[in-house]
Number of protein chains: 2
Amino acid sequence: MTEQQAVLDMLEILECGGCVEPAHFFTLMRRTFRIAHLLYLEAEPYADELKVCRLHHTFGAYAAEIYRARGLHRIDPILKLALGGVRPVEWTMARHRFPECEPLFQAAQEIGISTEGVALPLPSPAGRMALLAINVNMSAGEWTTYRRHHLRDFQLAANLFHAAMLEHGAMAGSISTRDMRLTGRETEVLTWAAAGKSYWEIATILGISERTVRFFMTNARRKLNVVSNTQAVAQAVRHALIPSV
Amino acid sequence: MTEQQAVLDMLEILECGGCVEPAHFFTLMRRTFRIAHLLYLEAEPYADELKVCRLHHTFGAYAAEIYRARGLHRIDPILKLALGGVRPVEWTMARHRFPECEPLFQAAQEIGISTEGVALPLPSPAGRMALLAINVNMSAGEWTTYRRHHLRDFQLAANLFHAAMLEHGAMAGSISTRDMRLTGRETEVLTWAAAGKSYWEIATILGISERTVRFFMTNARRKLNVVSNTQAVAQAVRHALIPSV
DNA sequence: ATTTGAACTGTCGCTACTGACAGTTACGCA
DNA sequence: TGCGTAACTGTCAGTAGCGACAGTTCAAAT
């Protein structure tokens, strides 16, 4: 029961919002569980490519260099599966389902990294995707049992850490959004513009004149430092200045 | 330890992909945990409204009617918090932070529904959001302890059920994302429009005629089912169809 | 009491966007 | 060989967006 207690304690720390430092989280996880390595990736889909927003891991610089140099991200099935789905991705499962990714696992074995693990998809609002990959140093059988008991802990821990990262990112991002604060009316007109309404329609909806709608929109454009309504709405959605929900 | 075993068994059932039937999942959850009621909601942001894609719950028709008739969705802080964040939302926490939502909790008490519970955000790919709300019939103190032990189980179960629902939905043919895949040029044109460029500028940048830019934009608008470039860009940003930054 | 900021309105004129008309070219696939 | 899809182009007429002109009203803060 000591192990159970340690797990619950760790989850409580995470939920209370401590631990926005990836290194701290990784240490905590490795102290609490029998984990060899961890990787946290936040990315944004763009066409068929991925734009990496955040990347933290404990595999070390050498492993990262190998991964990059051999272009293993192109064949990594865990990336594809975890960033495209919602279900935990078992490493060996991915390995068997995608024979073309063998070089990835061979590279891991070369540099002494285990090929057992699981990747937890962490989808975020606004279409971004993230994953937490967990790598363990166990035999297949041992891992099956361990995973069965602790997948729920991994999932909750991953979710809470991911939440902390998102909130932290929002803080850091709010430096640039400080001068971008919009008034209530500006937000309203932008919201309706984002819904495809014309000035006349917005005026009717809000019960004000068309000119006034233009006035608010002009102010919003000036504050956001953009040149068109279209760009203003794009910025507003990106910075969550207008409700996405 | 029998309870632990039952939980692990249930999670295994979920992970093996059984249980795409909400009623089945709810029964399983209520049999495994001390849960009074469950609610699963999948929604899509639209203007400042919510377009409900899926809704299943065990609160009964009467409660649903009350909720709808009194317009409680407009003040429900759990919807706002859970659909806009990634962190579990404690009901009583939401109640204290948003005094204006008191009618919601009073309505619950009126019809004999407990006000203790937690809502787990389940963000999905493509900008959609979902949540699983869990309602329990316990005292506050009892719930604190129970929650501490089982939040991880709830989170994993919720994620797995949500995954099953998404996969099932994808099978059935997702209406909203079916025709939303944009071609390379459509993406490029939208991206530049989101950057505030005019048709003439985009034409110059891409080395094509202004008419052709309009052609791609028109196709993009049609695919996204929107009426203006502004709305198209808003949708594209929300659904991560064009790169942010 | 003055200032600051939000909310609000009117008109002119130019530019940008949008729909509807009617096409061509190139590529891959059945 | 046809069929579908993506990329590409032209013109016309109407609507919408946008900048620059010049204001009023109200409430809160200094």
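Protein chains get the first letters and strands the later ones, always in sequence-line order, with residue 1 at the start of each.
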- prompt: According to a strict under-4.0 Å criterion, is B:Ser209 in side-chain N/O contact with OP1 or OP2 of D:dT9?
  reply: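 Answer yes for this pair, as a side-chain N or O of B:Ser209 is under 4.0 Å from OP1 or OP2.
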
query: Do any side-chain nitrogens or oxygens of B:Thr212 fall under 4.0 Å of OP1 or OP2 in D:dA7?
result: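 It does not, given that no N or O in the side chain of B:Thr212 lies less than 4.0 Å from OP1 or OP2 of D:dA7.
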
Round to a whole Å and report the spacing from [atom1] of [X] to [atom2] of [N].
X        : N      : atom1 : atom2 : value
A:Asn219 : D:dG19 : CG    : P     : 11 Å
B:Arg185 : D:dA6  : CZ    : P     : 14 Å
B:Glu186 : D:dC8  : CD    : C1'   : 13 Å
B:Leu206 : D:dA6  : CG    : P     : 17 Å
A:Arg222 : C:dG5  : CZ    : P     : 11 Å

field: Any donor-acceptor pair under 3.5 Å from B:Gln109 side chain to B:Gln106 backbone
entry: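 Side chain of B:Gln109 to backbone of B:Gln106: no pair is present.
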
- prompt: Given the rule in the salt bridge (charged side-chain N to carboxylate O under 4.0 Å, His left out) test, do A:Glu186 and A:Arg221 qualify, once you have shown the distances and angles that lead to the verdict?
  reply: CA-CA 9 Å; A:Glu186 285 158 7; A:Arg221 278 198 307 272; over 6 Å; no

query: Taking all non-hydrogen atoms of both residues, which atom of A:Ile208 and which atom of A:Phe216 are closest, and how far apart?
result: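 Minimum heavy-atom separation between A:Ile208 and A:Phe216: CD1-CE1, 3.9 Å.
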
field: A:Ala82 versus A:Ala119, closest heavy-atom pair with distance
entry: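 In terms of heavy atoms, the two residues are closest at CB-CB, 4.2 Å.
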
query: Looking at C:dC8, D:dC8, C:dG10, which one has an atom nearest to any side-chain atom of A:Phe216?
result: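 Among C:dC8, D:dC8, C:dG10, the one nearest the side chain of A:Phe216 is C:dC8.
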
Per A:Thr183 side chain, nearest of listed nucleotides D:dC8, C:dA7, C:dG10: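 Among the listed nucleotides, the one closest to the side chain of A:Thr183 is C:dA7.
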
message: Counting primed atoms plus P, OP1 and OP2 as sugar-phosphate and everything else as base, spell out the protein contacts along nucleotides 15-22 of chain C at 4.0 Å heavy-atom distance: B, S or - for each nucleotide, 5' to 3'.
response: --SBBBBB

message: Once you measure the plane-to-plane angle for A:Phe161 and A:Tyr40, does it fall in the parallel (<30°), tilted (30-60°) or perpendicular (>60°) bin?
response: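 Ring orientation of A:Phe161 relative to A:Tyr40: perpendicular.
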
Trace of the salt bridge (charged side-chain N to carboxylate O under 4.0 Å, His left out) decision for B:Arg95 with B:Glu90: CA-CA 9 Å; B:Arg95 184 180 191 173; B:Glu90 196 59 36; over 6 Å; no

